[in-house]
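Because the structure is a prediction, the values reported are computed rather than measured. Any value given below was found using the heavy atoms of this structure, including those in side chains, with hydrogens, waters and symmetry copies removed. Position 1 is the first residue of the sequence; numbering continues from there. Every number for a ligand or one of its atoms is a count from 1 in the order of the listing.
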Amino acid sequence: MAPPPATWHDAYPAVRRVLLPRRRIARRVRALSRQIARHYRGREITLVPVLTGSVIFLADLIRRLPLPVRLSPVGVRSYPGRSVESRGAALVQPPGDDLAGRHVLVVDDILDGGATLGLLLDTVGAMAPASLAACVLLKKRRDDRPVGVEPDFVGFDIPNVFVVGYGLDFDGRYRNLPDVCVLNQHARPTRERAKEARP
Ligand code: IMP
Ligand code: MG
């Protein structure tokens with residue numbers, strides 16, 4: 001007899017709960033793409049997706065943008081690296097194109113401390129684009145954001161918790177989960193647990 005099909009729980013038993021179910025994400029991505037298409041109507045845009053977390057969001061978004069679109073991906077490494085809260089960011093793969101004169105939209109999965117988006121807006125801004133804006137699927141609600149950046153297009157404001165799925169990872173895993181989820185206590189990064197433990 002064939003074994004039962006694999007389930008998401010088999011793959012990722014440390015998932016505790018779904019924060020944003022796939023249908024809600026799909027609805028919001030549709031609305032965001034309409035907003036972006038209206039904003040750039042009649043223009044060609046160059047999306048600058050941040051690898052790797054934005055790839056699922058990007059794939060869903062661009063197929064709903066009836067505009068001429070070019071892609072110029074970038075790689076950013078966050079510090080301290082493996083875990084949650086980046087204290088800084090470094091550009092490890094710069095855009096492969098000259099972005100001068102282009103309408104550029106930076107696309108990332110999530111805005112947390114702001115270092116990643118801050119770095120990219122500075123980097124691309126220095127390349128003399130015709131216009132520059134930023135889009136994130138998720139924006140964490142926090143009043144102590146170290147780098148103050150305001151994305152022009154935001155999918156969801158979420159609580160300040162560590163999330164995975166729909167492109168977002170923990171230690172490289174969970175990106176293929178279709179929903180945005182919260183992990184169990186024991187599986188979550190230690191820095192976040194330490195913060196929550198404070199009174
Ligand atoms: P920032 O530079 O602190 O704004 O962090 C942004 C980057 O950190 C994102 O591009 C993500 O790769 C990663 N990140 C921040 N929060 C989370 C999370 O909750 N889950 C997964 N990755 C996250
Ligand atoms: Mg990232």
Fill in the blank from the handout: Here the atoms of ligand 1 under 4.0 Å from any heavy atom belonging to Lys140 are 16 (N), 17 (C), 18 (C), 19 (O)
Handout entry: Distance filter under 4.0 Å to Ile110 heavy atoms, resulting ligand 1 atoms
Key = 6 (C), 9 (C), 11 (C), 14 (N), 15 (C), 16 (N), 17 (C), 19 (O), 23 (C)
Practice task
Determine the interplanar angle of the Phe153 and Tyr40 rings, folded into 0 to 90°, and report it as parallel if under 30°, tilted if 30 to 60°, perpendicular if over 60°.
Solution key: tilted
Handout entry: Greater than 12 external heavy atoms within 6.0 Å of Arg22's CZ
Key = yes
Completion exercise
Note: Val147, heavy atoms under 4.0 Å from ligand 1, region reported as neither
Practice task
Applying side chain to side chain contact (heavy atoms under 4.5 Å, CB included), run through Trp8 and Val18 and close with a yes or a no.
Solution key: CA-CA 12 Å; Trp8 288 109; Val18 173; over 6 Å; no
Exercise for the section: Answer with side chain, backbone, both or neither: which part of Val76 has a heavy atom less than 4.0 angstrom from an atom of ligand 1? Expected result: neither
Completion exercise
For Gly114, the ligand 1 atoms with a heavy-atom partner under 4.0 Å come out as 1 (P), 3 (O), 4 (O)
Exercise for the section: State, yes or no, whether a side-chain contact exists between Val180 and Ile158 at a heavy-atom distance under 4.5 Å. Expected result: no
Handout entry: Flag, side chain of Arg141 to backbone of Asp157, donor-acceptor distance under 3.5 Å
Key = yes
Practice task
Would you please determine whether Asp109 falls within less than 4.0 Å of ligand 1 on a heavy-atom basis?
Solution key: yes
Handout entry: Per-atom contacts of ligand 1 with Thr116, taking only distances under 4.0 Å to non-hydrogen atoms
Key = 1 (P), 2 (O), 5 (O), 6 (C), 7 (C)
Problem - Check: Asp108 side chain, Val136 main-chain N or O, donor-acceptor pair, under 3.5 Å - result: no
Problem - Any Arg102 side-chain heavy atom under 4.5 Å of Asp97 side chain - result: yes
Practice task
Any atoms of ligand 1 less than 4.0 Å from a non-hydrogen atom of Phe162? List them with their elements.
Solution key: 17 (C), 18 (C), 19 (O), 20 (N), 21 (C)
Fill in the blank from the handout: One finds that the ligand 1 atoms under 4.0 Å from a non-hydrogen atom of Gly113 are 1 (P), 3 (O), 4 (O)
Exercise for the section: Under 4.0 Å, heavy atoms only, figure out whether ligand 1 is touched by the backbone of Leu168, its side chain, both or neither. Expected result: side chain
Practice task
Could you check whether the rings of Tyr12 and Tyr174 sit parallel, tilted or perpendicular, using 30° and 60° as the cut-offs?
Solution key: tilted
Exercise for the section: Could you establish whether Asp108 and ligand 1 come within less than 4.0 Å of each other, counting only heavy atoms on the residue side? Expected result: yes
Exercise for the section: Would you check whether Asp169 reaches within less than 4.0 Å of ligand 1, judged by its heavy atoms? Expected result: yes
